[in-house]
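Reviewing the structure listed below.
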Amino acid sequence: MIRYALATLLAFVPLSVSAQTDIEEIVTPGGILFWLSQEPSIPIVSMEIVFRGGASLDPEDRPGAVTMMAGLLNEGAGDMDALAYASASEEVAARIGFDVGRDTLSVSASMLREVRGEVTELVRVAIQEPRFDADAIERVRRQLISVTRSNRTDPSEMSGNELFQLAFPNHPYSRPIDGTPPSIAVMTVEDLAAAHRATIVRDRAYISIVGDVSADEAALMVDHVMQGLPQSNTPLPADMADQLSGGVHVVDLPGGQSRVLFGHVGIERDDPDFITAYVMNHILGGGGFTSRLTEEVREKRGLTYGISTFLTSLEHGPLYLGSVASANDTVTEVIDLVRAEWGLMASQGVTEEELSEAKRFLTGAYPLRFDTNSKIADILVGVQEAELGIDYTHRRNDLIEAVTVEDIARIAERMMQPESLTFVVVGQPVGLSDAVDLAN
Amino acid sequence: MTLTSRLTGLMGLILLGTTASAFAQVETHHLDNGLEIVVIPDHRAPVVTNMVWYRIGSADEPAGKSGIAHYLEHLMFKGTDEIPEGQFSQIVAANGGQDNAFTSYDYTGYFQRIAADRLPLVMRMEADRMTDLVITEAVWGPERDVILEERRSRVASNPSAILGEQRSAALYLNHPYGTPIIGWEHEMSSLTRQDALDFYTRFYAPNNAILIVAGDVTLDEVVTLAEEYFGPLASSDSISERIRPQEPIAVAARRLVYEDPRVQQPYVIRSYLAQERNAGAQEDAAALTILAELLGGGATSVLNRALVVDAGIAVSAGAFYNGTSLDRTSFGVYAVPAIGTSLQQVEAAMDASLSEFMQTGVDMEHLERIRTQVRASEIFARDSQEGLARAYGSALTSGLTVEDVQNWPADLDAVTAEDVMRVAAEVMDLRQSVTAELRGTSTPEAPQ
């Protein structure tokens, strides 16, 4: 079943692990590596599998193929048609979900310990033996056409699509994850089978298990799900420098408010200065109620309900993005304020006091992300995917503590480029004209 | 791309997800000034969720002041006689904590998630703003602009939300649930600092509040801290029983059509007035919850099978019910047509499917699968201390007791096929309903 998801952008999720969370790296008898965190106090188990690739593996003329394929994984598998599969899931209260992003396809399963064998088998048949029955294809096609039509007037979807087209022309990132009504309309069973073969592969998977299982029990689960999957045969897309060069792009949509997505080039996750940039972003716009942008745009002037900035975790072209909505007649003022704050950070960096407050929050909030098994499972695959190492959990706060105002001044001067900051405005803004491209 | 902002707790489609666990070792206490205390221990990690819930929501607002409960919620972060202006969230953040708040029809809640050793700090801050809020001339104007922007983001930018407001207004002929939580724009734009202070003075007091602490704490620790910080606060004599205008017997089915040029996917949705959970008597609400699951809770539900799988004329169809409500709530069904199917056709098919259900009755295997999921959700619920705290908070501010919350899974488990058919026959009375259509239009006009 297709979820009505609006996940256009992968916001960077900060990775950290509570000192209390013990993580083991295990290689199964079948030779598959995964991370395990045992938590025996509740008889439940969460399993998270992330396959690199995701929607970036859509063929150029078939955007939405991976999303549609993922929507069909629980619509008939093995010897079960869609209803039989759904009944079997309900009988064991399985919670199995599939999600597609620009770079990943993720499988999330939560289950009671006592039925982990049954649920693991349901996950296995879904990812290894999806049937792609004709009636299920037509059902999911109808759903996805509905979603993609709705996306055409959804302010967040519209701004995301426009910005990614500007940033990555002709790259897979420029194409909508959900596809378009025409691309979904022509999708064939062969397209879906090809998307399945390209994305769900053994050598691009990151796996974690959290909950009430022993290492041996968890290894059995992993082998059961993963053994039999093929190796990858489709190359991942090339890296691409983004093409955002400044200016304001207006996309018309009736209504009283404009939705703005803005940004320019970001920073690679494996850049030595990534953590510095992360702390800088927290102070500028990542820190919710405490950020500079919230103070200037919301608290002092009441121009928005929310403004935030974030470093995206895109694998082939990192971006530094921000999002805000404001009434059509005040959005110009908001854009000016964002530009001014961008310039201020570039030229002056942050104060000792701001840095010390940011550190206290970022290190103190450290354990708060570990409050459910499934969130911990998410984090463990994220740490693996970013190749931060199993000891990242113990190093993370030290990395944050080591950041100095001089480090931030250096990264701010390098990263913050007010002249390249590109704004996509969806709405009917007053006083803005389209495509004011400073570079041209 | 989540907006980190004070949230209006709009009613969601929470069905089985609200189940709290009977396994959780919940403990309670009362202070002499009337403050109720609920502690939900969870020692897996050294963190706590500290919540203060007020038994006051948008349905308790004076006429003409819609949105004041939510506006006050925003202003509660501005500062007190001890906390400098604009520093509330800053102090929480500088201690490694996160804070937020939410407003609904029946409650207003504030919370912090923070390391367990910082509990004294945040409890002291909550106690401080319970009676010593300061709203200066400088802050109330911009904050009113913020809630107007919030309304634009949540409602005016979303045709489905616009229709939702109209549906509630039509369903409730007399009860304030017909007024949006966030307020009507024309009334919000004239709210003042004095309106907020009047509402605050009248309703914010220890005897109108519940302190809920979940996480790495014990009842003794919480009571000791609560005595110290909340204990000195005087109870208020302006807190009275919450008696709102009740619904008359409706005699006319209502129909609405909302057209908006932004709508790409039309749908039809119907709400019926429905019984809510009541203290010591939540059997009917339990049966309605199971009914909603049978009709529209998942892939094998009656409406999904009939309209989406078998006939293929809908892309989605389902049912919804949330029984946690102080006064009468609603039960609903909806269908989203596929291309080539009209709203009239999909509504007729939905009604035919409901009629068939009323004649053939409950599929016992389906009921058994739902019971399995209810039992499982009780165990899954223990994984989230914040979720458990919310289940208790919303119930206790909706006229229920801790015992009702703990009995809820058993009440759901005890629902029989006969119970389901009885409440189905009662609730699906068109005279007590609103059927609404969301449609696109070619005219390039939209409300501001």
Side-chain angles (χ1 to χ4, degrees), chain A residues 1 9 11 18 20 39 41-44 82-83 86-87 90-91 93 110 112 138-139 142-143 145-146 149-150 152-153 155-156 253-257 259 287-290 298-306 308 310 323 325-327 357 360-361 363-368 370-374, chain B residues 1-5 44-47 77 86 89-90 93-98 113-115 141-146 149-150 152-153 156-157 261-265 298-300 305 308-309 312 315-316 336 338-339 369-370 372-373 375-377 379-380 382-386 444-448:
Chain A
M1 202 178 288
L9 304 166
S18 150
Q20 282 70 31
E39 172 49 70
S41 63
I42 306 172
I44 56 177
L83 284 176
S87 292
E90 292 171 3
E91 276 161 18
S110 290
L112 301 184
E138 293 315 309
R139 184 163 59 246
R142 288 190 290 269
Q143 291 170 334
I145 285 178
S146 170
R149 281 168 68 209
S150 298
R152 294 195 300 207
T153 54
S156 295
L253 183 72
Q257 192 180 54
R259 157 75 50 187
F289 299 137
T290 61
R298 173 174 157 147
E299 297 299 312
K300 280 191 192 164
R301 298 179 177 84
L303 295 174
T304 188
Y305 175 55
S308 62
F310 38 96
S323 160
S326 187
E357 285 192 7
R360 279 191 285 162
F361 173 78
T363 56
Y366 178 74
L368 300 180
F370 295 76
D371 62 343
T372 69
N373 285 359
S374 50
Chain B
M1 220 167 53
T2 351
L3 292 178
T4 51
S5 303
R44 288 179 294 167
V47 300
F77 289 83
S89 294
Q90 260 75 5
N95 283 278
Q98 299 165 333
R113 299 176 64 240
I114 201 159
E143 199 60 37
R144 193 176 66 183
D145 290 338
V146 169
E149 285 291 349
E150 182 177 356
R152 285 187 198 102
S153 289
S157 298
R262 294 167 293 185
V263 173
Q264 296 285 317
Q265 175 61 68
T300 69
R305 285 185 74 141
V308 180
V309 179
V315 295
S316 172
V336 184
I339 289 177
R369 292 199 303 274
I370 289 169
T372 300
Q373 292 177 84
R375 289 174 201 137
S377 67
I379 300 168
F380 284 122
R382 293 166 61 197
D383 196 24
S384 169
Q385 57 173 254
E386 193 182 335
E445 296 287 331
Q448 298 297 296

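Predicted model only: the values in this text are computed from it and were never measured. Quick note on labels: first sequence line is chain A, next is B, and so on, each numbered from 1. These numbers come from the heavy atoms of this one structure, side chains and all, not from hydrogens, waters or symmetry mates.
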### Message
If you apply the rule side-chain contact (heavy atoms from CB on, under 4.5 Å), what do you find for A/F361 with B/Q98, and how did you get there?
### Response
CA-CA 9 Å; A/F361 173 78; B/Q98 299 165 333; 4.0 Å; yes
### Message
If I take atom OG from residue A/S110 and atom CD1 from residue B/I379, how far apart are they, to the nearest 0.5 angstrom?
### Response
13.0 Å
### Task
Enter the distance from A/L112:CG to B/F380:CZ here, rounded to the nearest 0.5 Å.
4.5 Å
### Message
side-chain contact (heavy atoms from CB on, under 4.5 Å), that's the test. Do B/V308 and A/Q143 meet it? Break it down for me.
### Response
CA-CA 9 Å; B/V308 180; A/Q143 291 170 334; 4.0 Å; yes
### Task
Sort A/L303 into side chain, backbone, both or neither according to what part of it lies under 4.5 angstrom from a heavy atom of chain B.
backbone
#### Entry: Structural part of A/L368 lying under 4.5 Å from a heavy atom of chain B
both
### Query
Does the B/R152 side chain pair with the main chain of A/A327, one donor and one acceptor, at a distance under 3.5 Å?
no
### Message
Quick check: do A/P254 and B/R262 have side-chain heavy atoms less than 4.5 Å from each other?
### Response
yes
### Summary
Greatest number of non-hydrogen atom pairs under 4.5 angstrom with chain A, of B/R113, B/R375, B/Q90, falls to B/R113
### Summary
Nearest heavy-atom contact between A/P43 and B/R382 is CD-NH1, 3.9 Å
### Message
Need one label for B/R305: side chain, backbone, both or neither, based on atoms under 4.5 Å from any heavy atom in chain A.
### Response
side chain
#### Entry: Trace of the side-chain contact (heavy atoms from CB on, under 4.5 Å) decision for A/N373 with B/R44
CA-CA 11 Å; A/N373 285 359; B/R44 288 179 294 167; 3.8 Å; yes
### Task
Can you measure from CG (B/D145) to OG1 (A/T304) and round to the nearest 0.5 angstrom?
11.5 Å
### Task
Indicate the atoms forming the closest heavy-atom contact of B/A299 with A/L83, along with that distance.
O-CD2, 3.6 Å
### Task
Identify the two heavy atoms, one from B/A93 and one from A/T290, that lie closest to each other, and give their separation to 0.1 Å.
CB-CG2, 3.6 Å
### Query
If you round to the nearest 0.5 Å, how far is CD1 of B/I339 from CZ of A/R142?
10.5 Å
### Task
Kindly determine whether B/E149 and A/S326 satisfy side-chain contact (heavy atoms from CB on, under 4.5 Å), including the steps that lead there.
CA-CA 6 Å; B/E149 285 291 349; A/S326 187; 3.6 Å; yes
### Message
If I measure from the heavy atoms of chain B, does A/T363 come under 4.5 Å with its side chain, its backbone, both, or neither?
### Response
neither
### Task
Return yes if a side-chain donor-acceptor contact under 3.5 Å exists between B/Q265 and A/S150, otherwise no.
no
#### Entry: Atom group of A/R139 that falls short of 4.5 Å from chain B, counting heavy atoms
side chain
### Task
Among the options B/T300, B/I114, B/V47, pick out the one with the most heavy-atom pairs lying under 4.5 Å from chain A.
B/T300
### Message
Does any backbone or side-chain atom of A/E138 lie under 4.5 Å from a heavy atom of chain B? Answer side chain, backbone, both or neither.
### Response
neither
## Note on the structure
Here the gap from B/Q373 atom CD to A/E91 atom CD, rounded to the nearest 0.5 Å, amounts to 10.0 Å
### Query
Is it the side chain or the backbone of A/R301 that comes within 4.5 Å of chain B heavy atoms, both, or neither?
backbone
### Query
Does a donor on one side chain and an acceptor on the other come within less than 3.5 Å for A/Y305 and B/E150?
yes
